[in-house]
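The structure appears right after this line, and notes come after that.
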Amino acid sequence: MRVADALGRPLSNLRVSVTDRCNLRCGYCMPEEEYAWLPRDQILHFEEMSGLVDVFLDLGVDKVRLTGGEPLLRRNLPELVRQLAGKPRLRDLAMTTNGVLLAEHARALKDAGLHRITVSLDTLHPGRFPALTRRPAETHAQVLAGIAAVPAAGFTGTKIDTVAMRGVNDDELADLIEFGRTVPAEVRFIEYMDVGGATRWSMDQVVSRAEILEVLALRYGTIEPLVEPASTAPAERFRLSDGTTFGIIASTTAPFCRSCDRSRLTADGMWYLCLYAVAGVDLRGPLRRGATREELAALITGGWRGRADRGAEERLVARDRGPLMQIGQLKRDPHLEMHTRGG
Ligand code: SAM
Ligand code: SF4
Ligand code: SF4
């Protein structure tokens, strides 16, 4: 069964946040040191997550991405991967990580059946890492070791995600592509978004898709867009003359809400239909009260059929655009945070 929302978009892609905790403090996501964390007794057990994923699979989801917070902080993550990888209807099981703990876990994740890994990496310079993440420059070496461990464990289809920020890392775009070639991994540049914990966001820090292409054309000459009509992926992909590909996720200046088939499950079982949504659907409550698979399916189907969210597109028309959220709001409801929703 395939469920379509109010704008005809299918329910096919689920991001599962396995924890809201993180070992970095990226300025665009977690600019504070301390946060209001989700209560531990409300965090879903793996069996609960796996059971909910089954209901989503019944309704047409075929791609799941594990995220967080930092997913590798969740103890025994390979066990969850094993439970999910055993589901034949799941075509794609991926994970997004900051890479810090990846060197020690890559092999076990591969053995458990994880298909693909995306690592977030904003700089190649260890000296820039502390300002970006509030963690020591030495941690950067752990991230690079984590990235190296991905192909060594046998993964292919690896991606590196970079948030491009003016005056921070916009001089590294071509270097990151060069680095990606050596991994090998496809680099995707993400426009800085004004969502969740990005309380210090401003439009002048956003390096737009157009600027990214301009800078890369200076170094590489002609850049050819790849035509991928069937793709609902947020990244537009491009090819350099030597065949190297890269992507741009223009969430801020050219959002792709019209084809968005993504929803998000938080570690405590709240389901969000848009990254910008202020309210979600509580699935933990019914699950723990013993709701049947059919009852959960009805709840999810009803939610998705009513979905008309186009959060990023609506932000385009905002005048004097500034951060979407203030720190006070985020403290009152941590579910509004990017690190709770899983990005
Ligand atoms: N901790 C993991 C990581 O960093 O890869 C997974 C969770 S993180 C919330 C997922 C992605 O969201 C990361 O690639 C991060 O760069 C991105 N992200 C967080 N805040 C962002 C913002 N304000 N604008 C654009 N991307 C953002
Ligand atoms: Fe950075 Fe990811 Fe942690 Fe957010 S959740 S602070 S993007 S590592
Ligand atoms: Fe999808 Fe909402 Fe992001 Fe638009 S803003 S692409 S609808 S999650």
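Scope of the values below: all heavy atoms of this structure, side chains included, with no hydrogens, waters or symmetry mates. Remember, it's 1-based here, ligands and their atoms both numbered in the order they're listed.
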Heavy-atom nearest neighbour of atom 9 (C) of ligand 1 within options P31, G68, G197, G27: G68
Atom indices of ligand 1 within 4.0 angstrom of E191 heavy atoms, with elements: 25 (C)
Taking the six-membered ring for Trp, are W304 and F56 ring centroids under 6.0 Å apart? no
Taking 4.0 angstrom as the limit and counting only heavy atoms of Y276, give me the atoms of ligand 3 inside it, by number and element. 5 (S)
Heavy-atom pairs closer than 4.0 Å: do any link ligand 1 to the side chain of R341, the backbone, both, or neither? neither
Heavy-atom contacts with A198 under 4.0 Å: which atoms of ligand 1 show up? List them by number with element. 23 (N)
Less than 3.5 Å between some nitrogen or oxygen of S120 and one of ligand 1, yes or no? yes
Do the side chains of E48 and R284 get close enough for a salt bridge, i.e. N-O under 4.0 angstrom? no
Note: V281 and L299 closest approach over all heavy atoms is CG1-CG, 4.1 Å
To the nearest 0.1 Å, how far is atom 24 (N) of ligand 1 from its closest protein heavy atom, and which atom is that? M193 N, 2.9 Å
Considering heavy atoms of the protein only, find what lies nearest to atom 2 (Fe) of ligand 3 and give residue, atom and distance to 0.1 Å. C274 SG, 2.3 Å
Can you tell me which residue among R181, E178, E186 is in a side-chain hydrogen bond (donor to acceptor under 3.5 Å, both in side chains) with T244? R181
Pairing of K63 and D92 as salt bridge, 4.0 angstrom limit: no
Under 4.0 Å to a heavy atom of R264 - the qualifying atoms of ligand 3, by number: 8 (S)
Pull out every atom of ligand 3 sitting under 4.0 Å from any heavy atom of F256, numbered as shown with elements. 6 (S)
Identify the protein heavy atom lying closest to atom 17 (C) of ligand 1, giving its residue, its atom name and the separation to 0.1 Å. M338 CE, 4.3 Å
N/O to N/O below 3.5 Å, does that happen between Y28 and ligand 1? yes
Going through the distances and angles, do R128 and E172 end up as a side chain to side chain contact (heavy atoms under 4.5 Å, CB included)? CA-CA 11 Å; R128 288 183 173 178; E172 294 191 54; 2.8 Å; yes
Below 3.5 Å, N or O to N or O, backbone or side chain included: is there any such pair between H339 and ligand 1? no
Could you tell me which atoms of ligand 3, counted from 1 in the order shown, lie closer than 4.0 angstrom to a heavy atom of C257? 4 (Fe), 5 (S), 6 (S), 7 (S)
At less than 4.0 angstrom from any non-hydrogen atom of L275, what atoms of ligand 3 do you find? 2 (Fe), 8 (S)
Flag atom 27 (C) of ligand 1 as yes if some protein heavy-atom distance to it falls below 4.0 Å, otherwise no. yes
Are H115 and F155 an aromatic pair, judged by ring center distance below 6.0 Å? no
Residue, atom name and distance, where the atom is the protein heavy atom closest to atom 5 (S) of ligand 3: A312 N, 3.1 Å
Enumerate the protein N/O/S atoms at a distance below 2.8 Å from atom 3 (Fe) of ligand 2, ignoring waters. C22 SG
Does G343 reach ligand 1 with a nitrogen or oxygen that is under 3.5 Å from one of the ligand's nitrogen or oxygen atoms? no
Can you tell whether the side chains of R209 and E236 come within less than 4.0 Å, N to carboxylate O? yes
Close-contact set for ligand 3 against D309 heavy atoms, below 4.0 Å: 7 (S)
So if I count the atoms of ligand 3 from 1 in the order they appear, which ones are less than 4.0 Å from some heavy atom of C260? 1 (Fe), 6 (S), 7 (S), 8 (S)
Please list the nearest protein heavy atom to atom 10 (C) of ligand 1 with its residue and the distance rounded to 0.1 Å. G342 O, 3.9 Å
Hey, is E313 one of the residues with a heavy atom under 4.0 angstrom from ligand 3? no
Tell me which part of T96 gets within contact of ligand 1: side chain, backbone, both or neither, using heavy atoms under 4.0 Å. both
Short version for T118: what comes under 4.0 Å of ligand 1, heavy atoms counted, is neither
For the residue pair E70 and C22, what are the closest heavy atoms and their distance? CB-SG, 3.9 Å
N/O separation below 3.5 Å, G69 to ligand 1: yes
Should V61 and N13 be marked as a side chain to side chain contact (heavy atoms under 4.5 Å, CB included) after you check the CA-CA gap, both sets of side-chain angles, and the distance that decides it? CA-CA 6 Å; V61 164; N13 211 310; over 6 Å; no
